[in-house]
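The figures that follow rest on heavy atoms only: side chains count, while hydrogens, waters and symmetry mates do not.
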Amino acid sequence: MEAIRVFGPKLGSKLSIRSQTSAFPACKLSRFPLTSFPSKPAHLVPLKATTHPLAFDDEENNRKFKKLSPSEWGHQFVSAHVDLSEMDALGREIEALKPKVTDMLMSSKGIKSSKKKILFIYLLVSLGLAYHFEDEIEESLKDGLREIEEMMTGEGDLRFKGNNGNFKECLAKDAKGILSLYEAAHMGTTTDYILDEALSFTLSNLESLAASGTCKLNLSRHIRKALDQPQHKNMEILVAMEYIRFYEQEEDCDKTLLKFAKLNFKFLQLHYLQELKILSKWYKEQDFKSKLPPYFRDRFIEIHLATLTYFEPKYSRSRIFLTKIYTVQIIMDDTCDRYASLGEVESLADTIERWDPDDHAMDGLPDYLKSVVKFTFDTFQEFERECKRVMRNNLKLAKWASTGHLPSFDEYLDVSGVEIALYFTLAGILMGMENICKKEAYEWLKSRDKLVRALTAKTRLLNDMHGFEDDMSRGYVTNSINCYKKQYGVTEEEAFRKLHQMVADLDRMMNEEFLKPINVPHHVLKVVIVDTLRAVNVSYEKDDEFTRPGDHLKNCIKSMYIDL
C-alpha cells in the first residue's frame, strides 16, 4: 500500500527583516486570517521589563553582553581541496547514466504503468535526482492526472477507511504503507480534515512500530528519521543523503539507480565544497575577530548549509549571494540585539538610511560600528533599499526593547516579520535565479503575497519561541510570546500552546495557497517559498540550532563538507 498525493509542487535570531518602505508597502498580517485569535482581548497582564538607560558617552563602561563562542569549524575550509578532474569525471558518468534512468521512467505505458511512474518519480525526488528529469516528470504527471479516476478503480490499497468510518486495522501491519500515508498527511490544507485524522493515526502507529522492534533495522531507522523530520518539511539534499543510505539496504534496490544517486550526491558535495572554499576565503578576509567584540554569532558554515535548500547546481550563484546576505543580516541583527546601545542603533540606522560610505558622519561612530557599516556597504550596494528597511525596523524593535514596550500582537508580527529578513532574503533568491521573468517575480514579492506573509510569520514565531529564554535573560521582553500574553491576558504556557498551533495552521494554509493558480511560475514558488520554508524547518522546527548548534546540524555539516 502506497499513499499517493500529487501536488504542483531565523534564519537567525530576530534575524534582520524589521522594516517597511515603498518597495514592500506596509500591510498588517491580520489582513488575512493567519490563525484563530481570541475574539476579544481579556484583561491585560502587566509584564516587568528590564530597561537600559545608558548614556551615549558611557556605553563602553556600562555595556553588558553575552560572549558567544567562536565557530568550531574555524577557517578550515579555506584550504579545502577540491579535485576538479574528479568533478569532471563524475559529471561524465552522470550524463552517461541519465538515458538509462530516463528509459526506466518513460518506457512503460498504460493505467498500471502510470501508478508505477508516479511512485518512481517519488523515488527520484527522495534520491535527489528529480531535477535531471523535469520535462519527463511533467509529462508523466500530466498523463497520470488525466488517468487518475481509472487509476483509482479497483485500487483497494489506496482506500484507508472501512465502512465504519475508521482507519482499517490491517493498515497497521504495513509499515511502508503507513509511512507513506504519514508523509502524505503533511500535505494537508485548512480543509483536509481527513489528513489531520491520517496524521494522528499514522503517527501513533509509526511510533509503536519504531519502538516495538518488529520492523527490519533499516526500515525502523528510516521511520525514526521521518518522525523526527517528515520529508515534506525537510531540505531535499538532506532527504537524499538519508534516503540513499536507506535505499541501498532495500531488497528491491535498483543498482543502476543507486549508482546514479551516489554519483550525483558526490558531485553535489564537491560543488558545495568548492563554493564554501571561495566563500570561506571571503569571510576570513573580513577579519571580524579583530574588528568586532565577540557578541556576534560566528556561524558562517551553518549559513552556507542553510543555502543548500536550493540544492541544484544551477543555483550556485544564489547560494553564494545568499551566504553573503545572511552574514550581513546576522552581523547587523546581533549588533542591534546583543551589543549596541539604543543611541548606537539610532546612529547606525541613520548611517544606513543615508547609504553613503564616504559620509563624514561615520567619523562619530565607534570603530566596531564603522566596521559593521563598511562591511554592509561593500557587500550589498545593490540591496540599498532593502537594507534600509531592515535597519529601520531593527531600530523600531530596539526602541521597544529599551523601554520594555509591548505592542499589540499583530503590530509586533508586522514589524518583526520584516526584521526576520525573509523579504530581504527572497529578493536575493530571485536575483540569483536564471531563466525567469524577474520583473513579474519581483512584482509578486513586492505585493506581499499571502504565501510570503505566512512564511514570514511562521519563521518569526518559531524564532521567538526557541529564543525566548535567551531574550528574557537579556531583558529583551519585546517578543511574540509576551505580546500575545499582554493582548489576550493568558499565561506563558497558554501563549506557547497558541503559537505552536498558529505554526501548524500556517503550514496548512501555505499548502493550500500553493495549490491555487497564481501569476508566477511554479518553479519560482517552489524555490522561493517551499525550499526556504524547508531551511527554516531544519534550523528552527525543534530548536534554534543556528544560535546553539546541536548534533543534528553538526552531523549535516560533516556529511556535506567533510565526509566526502
Should Lys225 and Asp228 count as an ion pair when the cut-off is N to O under 4.0 Å? no
Keeping Tyr182 on the side-chain end and Ala226 on the backbone end, is there a donor-acceptor pair under 3.5 Å? yes
Centroid-to-centroid, Tyr243 to His222, below 6.0 Å? yes
Stepwise side chain to side chain contact (heavy atoms under 4.5 Å, CB included) test for Gln231 and Asn234: CA-CA 5 Å; Gln231 183 169 336; Asn234 205 353; 5.6 Å; no
Would you please say whether a donor-acceptor pair under 3.5 Å links the side chains of Glu236 and Thr309? no
Kindly determine whether His232 and Asn511 satisfy side-chain hydrogen bond (donor to acceptor under 3.5 Å, both in side chains), including the steps that lead there. CA-CA 10 Å; His232 179 55; Asn511 284 342; 3.1 Å; yes
Please assess Leu553 against Val538 for the test side chain to side chain contact (heavy atoms under 4.5 Å, CB included), listing each intermediate value before the final yes or no. CA-CA 8 Å; Leu553 280 189; Val538 169; 4.1 Å; yes
Show the numbers, then the answer: is there a salt bridge (charged side-chain N to carboxylate O under 4.0 Å, His left out) between Glu275 and Arg317? CA-CA 9 Å; Glu275 292 172 8; Arg317 179 170 176 246; over 6 Å; no
Please test Leu123 against Tyr247 for side chain to side chain contact (heavy atoms under 4.5 Å, CB included), starting from the C-alpha separation and ending with a verdict. CA-CA 9 Å; Leu123 180 58; Tyr247 186 64; 3.9 Å; yes
For the pair Glu492 and Arg497, find out whether any cationic side-chain nitrogen is under 4.0 Å from an anionic carboxylate oxygen. no
If you look at every heavy atom in Leu129 and Ala261, which pair is closest and at what distance? CD2-CA, 3.8 Å
Salt bridge present between Asp464 and Arg460 (N-O < 4.0 angstrom): yes
Could you tell me whether the side chain of Ser316 and the main chain of Pro313 form a donor-acceptor pair under 3.5 Å? no
Can you name the ring-ring contact (aromatic ring centres under 6.0 Å, His included) partners of Phe77, sequence neighbours left out? Tyr561
Any side-chain to backbone donor/acceptor pair from Ser200 onto Glu197? Under 3.5 Å, distance only. no
Ignoring hydrogens and angles, tell me if any N or O in the side chain of Glu93 forms a donor-acceptor pair with the backbone of Leu90 under 3.5 Å. no
Short N-O contact, Glu242 and Arg221, less than 4.0 angstrom: yes
Pairwise salt bridge (charged side-chain N to carboxylate O under 4.0 Å, His left out) hits with a residue in residues 199-215, at least two apart: none
Give the C-alpha distance, both sets of side-chain angles, the deciding distance and a yes or no for side chain to side chain contact (heavy atoms under 4.5 Å, CB included) between Leu426 and Ile429. CA-CA 5 Å; Leu426 299 182; Ile429 296 169; 3.8 Å; yes
Check the side chains of Asp192 and Thr189 for a donor-acceptor pair under 3.5 angstrom, ignoring hydrogens and angles. yes
Determine yes or no for a side-chain-to-main-chain donor-acceptor pair under 3.5 angstrom, with Arg319 supplying the side chain and Tyr310 the backbone. yes
Considering all heavy atoms of both residues, which atom of Arg245 and which atom of Ser559 are nearest to each other, and what is their separation? NH2-OG, 3.6 Å
Run the salt bridge (charged side-chain N to carboxylate O under 4.0 Å, His left out) check on Lys142 and Glu139 step by step: do they pass? CA-CA 5 Å; Lys142 285 180 179 178; Glu139 180 183 338; over 6 Å; no
With distance as the sole test, does Gln274 use its side chain to make a donor-acceptor pair with the main-chain N or O of Gln269 at under 3.5 Å? no
Using atom types as modelled and distance alone, determine if a side-chain donor or acceptor of Thr307 lies under 3.5 Å from a backbone N or O of His304. yes
Strictly distance-based, threshold 3.5 Å: is any side-chain N or O of Asn218 a donor or acceptor partner for the main-chain N or O of Phe246? yes
Side chain of Asp334, backbone of Arg297: donor and acceptor closer than 3.5 Å? yes
Minimum-distance pair of heavy atoms, taken over all atoms of Cys215 and Ile223: SG-CD1, 4.2 Å
Indicate yes or no for a side-chain donor-acceptor contact from Asn264 to the backbone of Gly128 under 3.5 Å, with no hydrogens or angles considered. yes
Looking only at the aromatic ring of each residue, does the gap between the centers of Phe167 and Phe201 stay below 6.0 angstrom? yes
Residue Asp252 excluded, over 12 heavy atoms near CG under 6.0 Å: yes
Does the plane of the ring in Phe300 sit parallel, tilted or perpendicular to the ring in Tyr283? Use 30° and 60° as the thresholds. parallel
Please check if atom NZ in Lys216 has more than 12 non-hydrogen atoms from other residues, nucleotides or ligands closer than 6.0 Å. no
Kindly indicate, with the supporting measurements, whether the criterion salt bridge (charged side-chain N to carboxylate O under 4.0 Å, His left out) is fulfilled by Arg508 and Asp505. CA-CA 5 Å; Arg508 295 186 186 93; Asp505 291 344; 3.3 Å; yes
Counting only heavy atoms not in Glu469, do more than 12 sit closer than 6.0 Å to its CD atom? no
